[in-house]
Amino acid sequence: MPTETLIKLFKRDLSKLKEEINSYSNVSNLWQVDGLVSNSAGNLCLHLVGNLNHFIGATLGNTGYIRQRELEFSLKNVPKEDMIKQIDDTIVIVTNILKNLTEDDLKKEYRRNPSEDYMTTEYFLSHLAMHLAYHLGQINYHRRLLDQ
């Protein structure tokens, strides 16, 4: 079933996100930007957690999560421990919601706004997994370049 695959991918990459955040030797470097690097690892982490809690948690799971997207990029110096807890909580939410989706749920239309092209829930979940992987790669490079 596709949800089993998606659960494995989200768990894998969210666990890797936790590892990346924990690998910063200097906590202040989580919030560093330099030159053309306009998003810090800390802000990308907050963005990923917010994104998944909104699109999977609130939209598919009716968790009541209220996204504050602008804060995902403007908050600074959030304690590392708080970010790790948010990642752990996101793993639980994503896992619990995805394991309860049926094949019919995956085939339903998922529309974020009226002008958007048609997509299924399964397609959008795949998009979210790729979005997570994309920013996870950015965080990895950020850490290796700026946390020396």
Side-chain angles (χ1 to χ4, degrees), residues 1-24 30-33 36-147:
M1 175 175 236
T3 53
E4 292 169 5
T5 300
L6 287 167
I7 289 169
K8 285 181 184 179
L9 291 171
F10 280 114
K11 278 184 170 180
R12 179 197 71 190
D13 287 354
L14 285 166
S15 295
K16 183 64 177 166
L17 175 60
K18 232 170 55 168
E19 183 181 318
E20 287 292 337
I21 298 302
N22 275 322
S23 293
Y24 276 78
L30 279 165
W31 306 100
Q32 183 178 347
V33 292
L36 297 176
V37 177
S38 58
N39 289 317
S40 71
N43 288 117
L44 288 172
C45 178
L46 296 175
H47 171 60
L48 289 168
V49 166
N51 185 63
L52 294 174
N53 275 287
H54 174 74
F55 288 116
I56 294 178
T59 304
L60 293 178
N62 298 310
T63 61
Y65 178 84
I66 306 294
R67 187 176 192 187
Q68 295 178 303
R69 190 175 191 281
E70 61 285 345
L71 292 179
E72 295 167 13
F73 295 99
S74 63
L75 283 176
K76 304 293 180 214
N77 302 314
V78 174
K80 185 192 288 193
E81 298 77 23
D82 291 355
M83 289 191 296
I84 297 302
K85 180 170 181 352
Q86 288 178 35
I87 297 167
D88 285 337
D89 292 346
T90 302
I91 291 170
V92 171
I93 287 168
V94 168
T95 300
N96 288 338
I97 291 168
L98 292 183
K99 75 180 180 184
N100 289 311
L101 293 180
T102 66
E103 288 288 331
D104 286 341
D105 292 330
L106 293 174
K107 292 176 184 172
K108 288 180 184 172
E109 181 177 14
Y110 192 108
R111 195 175 284 262
R112 293 178 294 179
N113 60 58
S115 64
E116 194 168 55
D117 289 339
Y118 173 85
M119 71 180 100
T120 63
T121 298
E122 181 179 16
Y123 176 92
F124 191 64
L125 289 169
S126 298
H127 163 78
L128 291 174
M130 294 175 77
H131 176 260
L132 170 59
Y134 175 77
H135 286 313
L136 179 57
Q138 289 178 319
I139 292 168
N140 175 266
Y141 268 89
H142 180 276
R143 180 181 56 76
R144 291 187 288 139
L145 288 169
L146 301 178
D147 186 53

Checklist line | Stepwise salt bridge (charged side-chain N to carboxylate O under 4.0 Å, His left out) check, K85 with E81 | finding: CA-CA 6 Å; K85 180 170 181 352; E81 298 77 23; over 6 Å; no

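- Legend: residues meeting side chain to side chain contact (heavy atoms under 4.5 Å, CB included) with S15, ordered by chain and number and at least two apart, are I91.
- Side-chain contact between N100 and D105 is absent, with no heavy atoms from C-beta onward closer than 4.5 Å.
- Annotation: side chain to side chain donor-acceptor pair (under 3.5 Å) contacts of E109 (sequence neighbours excluded): R111.
- Using modelled atom types and a 3.5 Å distance limit, the side chains of N43 and K76 yield a donor-acceptor pair.
- The 12-atom threshold is not exceeded at NZ of K8, counting heavy atoms of other residues, nucleotides or ligands nearer than 6.0 Å.
- Pairs of residues two or more places apart, or lying in two chains, that qualify as ring-ring contact (aromatic ring centres under 6.0 Å, His included) and include a residue from residues 69-111 are H47-F73, Y110-F124.
- Between K107 and E122 no salt bridge is recorded (no basic side-chain N to carboxylate O distance below 4.0 Å).
- Side-chain polar atoms of N53 and T63 form no donor-acceptor pair below 3.5 angstrom.
- Between E4 and K99, none of the side-chain N atoms (NZ, or NE/NH1/NH2) sits under 4.0 Å from a carboxylate O, so this pair counts as no salt bridge.
- If you take NZ on K80 and CD1 on I21, they are separated by 8.0 Å, rounding to the nearest 0.5 Å.
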Which is it for L101 and L60 under the side-chain contact (heavy atoms from CB on, under 4.5 Å) test, yes or no, and what are the steps along the way? CA-CA 9 Å; L101 293 180; L60 293 178; 4.3 Å; yes

Given T95 and F10, is the side-chain contact (heavy atoms from CB on, under 4.5 Å) satisfied, shown in steps? CA-CA 8 Å; T95 300; F10 280 114; over 6 Å; no

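- At a cut-off of 3.5 Å, with distance as the only test, no side-chain donor of H127 or H131 sits close to an acceptor on the other residue.
- A 4.5 Å side-chain heavy-atom check between V33 and S38 finds every atom pair outside the cut-off.
- Remark: D117 CG is loosely packed, at most 12 non-hydrogen atoms of other residues, nucleotides or ligands lying under 6.0 Å away.
- With hydrogens and angles left out, the side-chain atoms of N113 and S115 include a donor and acceptor closer than 3.5 Å.
- Side-chain contact between R67 and E72 is present, with heavy atoms from C-beta onward closer than 4.5 Å.
- Counting heavy atoms from C-beta outward, L14 and L52 have side chains that approach closer than 4.5 Å.
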Please determine whether salt bridge (charged side-chain N to carboxylate O under 4.0 Å, His left out) holds for the pair K108 and D104, giving the CA-CA distance in whole Å, both sets of side-chain angles, and the decisive distance to 0.1 Å. CA-CA 6 Å; K108 288 180 184 172; D104 286 341; over 6 Å; no

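- Residues L46 and Q86 form a side-chain contact, since some pair of their non-hydrogen atoms from C-beta on lies under 4.5 Å apart.
- How far CG of L17 is from CD1 of I139: 5.0 Å, rounded to the nearest 0.5 Å.
- At a threshold of 4.5 Å between non-hydrogen side-chain atoms, the residues L48 and I87 do not count as touching.
- A 4.5 Å side-chain heavy-atom check between S40 and L30 finds every atom pair outside the cut-off.
- For the pair Y24 and H142, the minimum side-chain heavy-atom distance is below 4.5 Å.
- Between the CG atom of L44 and the CG atom of L132 there is a distance of 11.0 Å, given to the nearest 0.5 Å.
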